[in-house]
Amino acid sequence: MSTLTTRSQDYSQWYNDLILKGGLADYSSVRGCMVIKPYGYALWENMRDVLDRMFKSTGHQNAYFPLFVPKSLFEAEEKNAEGFAKECAVVTHYRLKADPEQKGKLIVDPAARLEEELVVRPTSEAIIWNTYKGWIQSYRDLPLLINQWANVVRWEMRTRLFLRTAEFLWQEGHTAHATKEEALSETLQMLDVYAQFAEEYMALPVVKGIKTANERFAGAEDTYCIEALMQDGKALQAGTSHFLGQNFAKAFDVKFAAKDNTMEYVWATSWGVSTRLIGALVMAHSDDQGLVLPPKIAPLQVVIVPIFSKDAEARQKIDETAEQLTRSLRGKGITVKYDNDDTSRPGWKFAEHELRGVPVRIALGARDIEQNQAEVARRDTREKMTLSLEGIADAIHQLLDEIQHNLYNRALQFRDAHTTAVDSWEDFVQVLETKAGFISAHWDGTPETEERIKELTKATIRCIPLNNAAEEGHCVLSGKPSRQRVLFARAY
RNA sequence: CGGGAAGUAGCGCAGGCCGGUAGCGCAUCUGGUUUGGGACCAGGGGGUCGCAGGUUCGAAUCCUGUCUUCCCGACCA
């Protein structure tokens, strides 16, 4: 048996242990790239399916654009290109050949150099806007509401499973609109979709906000975000939605004929969430026993563990009861596994399913059958209860709901308890060092002050919350006047 | 990309200074007893010691290079 590192021992190692031992992902032989294992991929599929429905119901369609972006297209929008230039993988050749010096080895064929290098997409605005130019002529072609599910590559110096890998999976929405207002409202609509998804499905409370200039997406006019708080008090950006203005339309010359027959540049948005959300999920809810997954996106919601005895007749009754229970739970749309593998014992299974974060465990033994009951354990609180088999499927259904809500409320309480308003620099530093979490403080609005605070404390402005109340005050560092508080934190 | 640590059986590790038959625990396989929180007894299998060079009669061990991972920094979703 392997033991998990606890959160208090080493938070980072705890996180790695959960990902690896919980069966979500593995390291690969490729630097910075991970293998997403079936259990982790099932989790991603569940997240993806919910989001995909939400995108479709807000009028978006899926499409797929190339992995490679010709360098000349990539550099068209200058700020975007500049922002990503440092982390681009670039294809320069299209052929290998046998190494004349070493039998069985291959070398890059120097004769097969590409005339124009291909950038492996770190994001797809360039190739997409180059394509949109051909798709948009008239206001009748707008709005254009497209999403793609794809992989992207960002050559990161330092990687962490799910949180930051060189290649990752995500979705990126790219929309084109006739007016600024429409594009802005799309940007905010998708931010709401993300927030709703995070809170309802991932049980992850988020703050909706707008990024400061320093944190803005390269090439955007405004970047909106949802920010979540992890158990170690660090913030994590869980999704972004960008108002791109006319920057890409101008860079790629995408104009449309308006009703009055004038030619105008279109207005754009883009928005995305990635497999990073899995990292957020792990760090928001899990404990020292392993993963804790919200029922609504857990790959497996209920596991039934039989407790056999040597009595063959009792064993048969347990099997029958478990199979019947499995059917009735499935009838309610609950995913269930009857774990009747006889090679491991109940205690081992209990620990294993806790490690994997299965929300509900039902244990069935001869004693339970006799008394027409089952032992039910919930993963979030690790409480055990005895339930009658009469109507147990309904009770489990309710319990799953309750677990979902409890996880959300627990995370919300944690966030509220770790959101601190401070009014002096001393308090700012002290709260950051002793308590961490979000710090709500006044800021003079200048990039210089933000940068200075980052240098001094490693804390950055996570966002200016959208529901912010106007409040006169003084910048926590410079003392200059400020009209509202912003949220600071150290971040992933 | 800088600093630190690590890579030996599926997993966790010892051995390395001082070169000479590759070991331990867990897992696995066989047989048996078991099963309400990670079972027990007995027997068995499993290794190009990350990879590539070098030194040597002989390298897991010494030297050089290289790859991968972790932690801490700078960069970022």
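Each chain gets a letter, A, B and so on, in the order its sequence line appears, and its residues count up from 1.
- With respect to the salt-bridge test (charged N to carboxylate O, under 4.0 angstrom), the residues A/D342 and A/R315 qualify.
- Counting only heavy atoms from C-beta outward, the side chains of A/L291 and A/V282 approach each other to under 4.5 Å.
- Interface residues of residues 34-52 of chain A facing RNA chain B, ordered by number: none; criterion, heavy-atom separation under 4.0 Å.
- As a whole-Å value, the separation of A/E352 CD from B/C11 P is 16 Å.
- Taking 3.5 Å as the limit, the base of B/G36 and the side chain of A/K384 contain no donor-acceptor pair of atoms between them.
- Remark: A/K208 does not engage A/E199 in a salt bridge, criterion side-chain N to carboxylate O under 4.0 Å.
- Straight-line distance from the CZ atom of A/F350 to the C1' atom of B/U35: 10 Å, rounded to whole Å.
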* Structure fact -> Readout for nucleotides 70-77 of chain B: B = base within 4.0 Å of protein heavy atom, S = sugar-phosphate only, - = neither; 5' to 3' it is SSBBBBBB

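- Ring to ring, A/W271 and A/F55 are close: their centroids are under 6.0 angstrom apart.
- Distance check on atom C1': B/A9 versus B/U48 gives 13 Å, rounded to whole Å.
- Among pairs with a residue in residues 355-375 of chain A, none fulfils ring-ring contact (aromatic ring centres under 6.0 Å, His included), at least two apart in sequence or across chains.
- With hydrogens and angles ignored, a donor-acceptor pair closer than 3.5 Å exists between the side chain of A/R345 and the base of B/U34.
- Taking atom P in both B/C17 and B/C63, one finds a spacing of 9 Å when rounded to whole Å.
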